[in-house]
Amino acid sequence: MAYWLLRSEPDVYGWDDLVRDGGTEWDGVRNATARIHLKAMQPGDQAIFYHSNKEKAAVGVMEITRAWRPDGPDDAWASVAVKPVAKLPKPVPLATIKAEPRLSDLMMIRQSRLSCSAVTPEEWAVLMELAGA
DNA sequence: GCCAACGTTGGC
DNA sequence: GCCAACGTTGGC
């Protein structure tokens, strides 16, 4: 089982939208590095939902429910299906993540604009600890 | 194939 | 509103 982090602007599609929908197709990703991660995702993997922009905090945990399929008429881009698992007891703000030495290598921190990134099991455990989960 | 210019994204 | 980081584009 692998861990991931998916970023979205809450104004566009946020955690509450995901809960309302009961799951969604995570599409529209147009970045080559992010696509590598999308294509590596497997059903049962877990992913943190991170709100970018105004909120800048990890807010919930999702599960990947279906491996990638083409997003568009050809194989150029990919999308996966996700469903909400649980809201984090406490959101983890970006400032907290940055202040945590054990998260200094987090892919999202090292490459700030990446919308789909990987999280190691160790980093996942730290994030859950910070979230009070 | 290189690199400068430009556009986009996200944080401050 | 600004700026840094990064990706893409286009001229050479």
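Order of the sequence lines sets the chain letters (A, B, ...), proteins ahead of strands, with each chain counted from 1. These numbers were taken from a predicted model, which means no experiment stands behind them.
Put simply, CZ on A/R35 is 14 Å from C1' on C/dT8, counting in whole angstrom units. Atom-to-atom, CZ of A/R113 to P of C/dA5 comes out at 12 Å; the value is rounded to the nearest Å. The distance between atom CG of A/L6 and atom P of B/dT9, rounded to the nearest whole Å, is 17 Å. Look at CG on A/L94: it is 14 Å from C1' on B/dT9, rounded to the nearest Å. Atom CE in A/M108 sits about 7 Å away from atom P in B/dG11, given to the nearest Å. The nearest whole Å value for the distance from the CG atom in A/N53 to the P atom in B/dT8 is 16 Å. Rounded to an integer number of Å, the gap from CD of A/E55 to P of B/dG10 is 15 Å. If you measure from atom CG of A/D11 to atom C1' of B/dT9, you get 15 Å, rounded to the nearest angstrom.
Here the side chain of A/D45 pairs a donor or acceptor atom with the backbone of A/A2 at under 3.5 angstrom.
Contact annotation: A/R7 reaches the phosphate of B/dG11 (side-chain N/O to OP1 or OP2, under 4.0 Å). OP1 or OP2 of B/dC12 sits under 4.0 Å from a side-chain N or O of A/K98. Distances shown here put every side-chain N or O of A/Q111 at or beyond 4.0 Å from the OP1 or OP2 atom of B/dG10.
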Walk me through whether A/Y50 and A/W4 qualify under ring-ring contact (aromatic ring centres under 6.0 Å, His included).
CA-CA 11 Å; A/Y50 174 84; A/W4 311 98; over 10 Å; no
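Backbone-only contact: A/R110 has heavy atoms under 4.0 Å from sugar-phosphate atoms and none from a base. Among the heavy atoms of the strands, none lies under 4.0 Å from A/L114.
With rounding to the nearest 0.5 angstrom, the NZ atom of A/K83 is 7.0 Å from the OG1 atom of A/T65.
Side-chain N/O atoms of A/S79 and A/E25 include a donor and acceptor closer than 3.5 Å.
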